[in-house]
Amino acid sequence: MAGLIVLKPGVDWTVTGGLFDWALEFLIPRLSDRTVADQLQEVVDNNLGSVWVHELPPDAQAEIVSHWRQGLVAAGKQELPESEHKADVIHRLQELVDATYTAGYPG
C-alpha cells in the first residue's frame, strides 16, 4: 500500500505505506494541536493512506512543515534501521522536506 501527502494541489509526496506512516508518526507526538495529532493518528491506525496538509488549520500546517524541515531527515538517519536501502529512504524523506518549499510554505 502506498501513502500520499498532499502539501497543496499539484505538490505531493507518494511513498510506501510504511514510510508514510513513519513520517506521520514522527509528527504526532510533536504537534501542539492535539486535534490534528489525533486526526493523523487515525490515518495511521486505520491505514487511510493519505493526508491533505493544505486542508488542515493554518497553524497546524506551519507546525507540521516546521517539524519536517527541522528534524525529519535527521530523525530518519538516527532512528531508521540500517539496511542497504537506508540511503534511498533518507533521500525520500528529503524529497518531502524539499516539497514543503516547492509548495510555498514560508520559512
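Positions are given from 1, in the same order as the sequence printed here.
- Here the closest non-hydrogen pair linking Leu93 and Gly76 is CD1-CA, 3.9 Å.
- Distance CG/Asp45 to CD/Glu25: 8.5 Å, rounded to 0.5 Å.
- The backbone N or O of Asp98 sits nowhere less than 3.5 Å from a side-chain atom of Arg69 that would complete a donor-acceptor pair.
- The backbone N or O of Arg30 lies less than 3.5 Å from a partner atom in the side chain of His67, making a donor-acceptor pair.
- For the residue pair Ala75 and Phe26, the shortest heavy atom distance occurs at CB-CE1, 3.6 Å.
- Of all the heavy atoms in Lys86 and Lys77, the pair that sits closest is NZ-O, 2.6 Å.
- Note on Leu40: it clusters hydrophobically with Leu48, by side-chain heavy-atom contacts below 4.5 Å among ILVMFWY residues.
- The minimum heavy-atom distance between Leu24 and Val51, with the atom names listed, is CD1-CG2, 3.8 Å.
- Cluster membership for Leu31 and Trp52, using ILVMFWY side-chain heavy atoms within less than 4.5 angstrom, is not shared.
- Looking at heavy atoms from C-beta onward, Phe20 lies in side-chain contact with Val43 at the 4.5 angstrom threshold.
- The closest donor-acceptor contact from the side chain of Tyr101 to the backbone of Pro106 lies at 3.5 Å or more, if one exists at all.
- The shortest non-hydrogen separation linking Val53 to Gln61 is O-CG, 3.1 Å.
- Between the side chain of Trp13 and the backbone N or O of Arg92 there is at least one donor-acceptor pair closer than 3.5 Å.
- Atom NE2 of His91 is surrounded by 12 or fewer heavy atoms from other residues, nucleotides or ligands within 6.0 Å.
- Counting non-hydrogen atoms of other residues, nucleotides and ligands closer than 6.0 Å to CD of Glu79 gives a total above 12.
- Between Trp22 and Leu72 the shortest side-chain heavy-atom distance falls below 4.5 Å.
- Atom CG of Leu19 and atom CD1 of Ile90 lie 8.5 Å apart (nearest 0.5 Å).
- Taking 4.5 Å as the limit, every side-chain heavy atom of Val15 sits out of range of all side-chain heavy atoms of Val89.
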Asp21 vs Asn47, side chain to side chain contact (heavy atoms under 4.5 Å, CB included): CA-CA, chis, key distance, verdict: CA-CA 8 Å; Asp21 287 350; Asn47 296 314; 4.3 Å; yes
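- Taking 4.5 Å as the limit, every side-chain heavy atom of Glu63 sits out of range of all side-chain heavy atoms of Val36.
- Closest approach of Leu7 to Tyr105, counting heavy atoms only: O-OH, 2.9 Å.
- Around atom CD of Gln78, no more than 12 heavy atoms belonging to other residues, nucleotides or ligands sit under 6.0 Å away.
- At a threshold of 4.5 Å between side-chain heavy atoms, the hydrophobic network of Ile, Leu, Val, Met, Phe, Trp and Tyr places Trp68 and Val6 in two separate groups.
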Val65/Val97 under side chain to side chain contact (heavy atoms under 4.5 Å, CB included): CA gap, chis, key distance, verdict: CA-CA 8 Å; Val65 167; Val97 171; over 6 Å; no
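- The closest side-chain heavy-atom distance from Asp38 to Ile28 is not below 4.5 Å.
- Residue Asp12 holds its CG atom at 5.0 Å from CG of Leu4, rounded to the nearest 0.5 Å.
- Note that CG of Leu56 is 6.5 Å distant from CD of Gln39, once rounded to the nearest 0.5 Å.
- Between the side chain of Asp33 and the backbone N or O of Thr35 there is at least one donor-acceptor pair closer than 3.5 Å.
- Put simply, OG1 on Thr100 and CD on Glu95 are 12.5 Å apart, with the number rounded to the nearest 0.5 Å.
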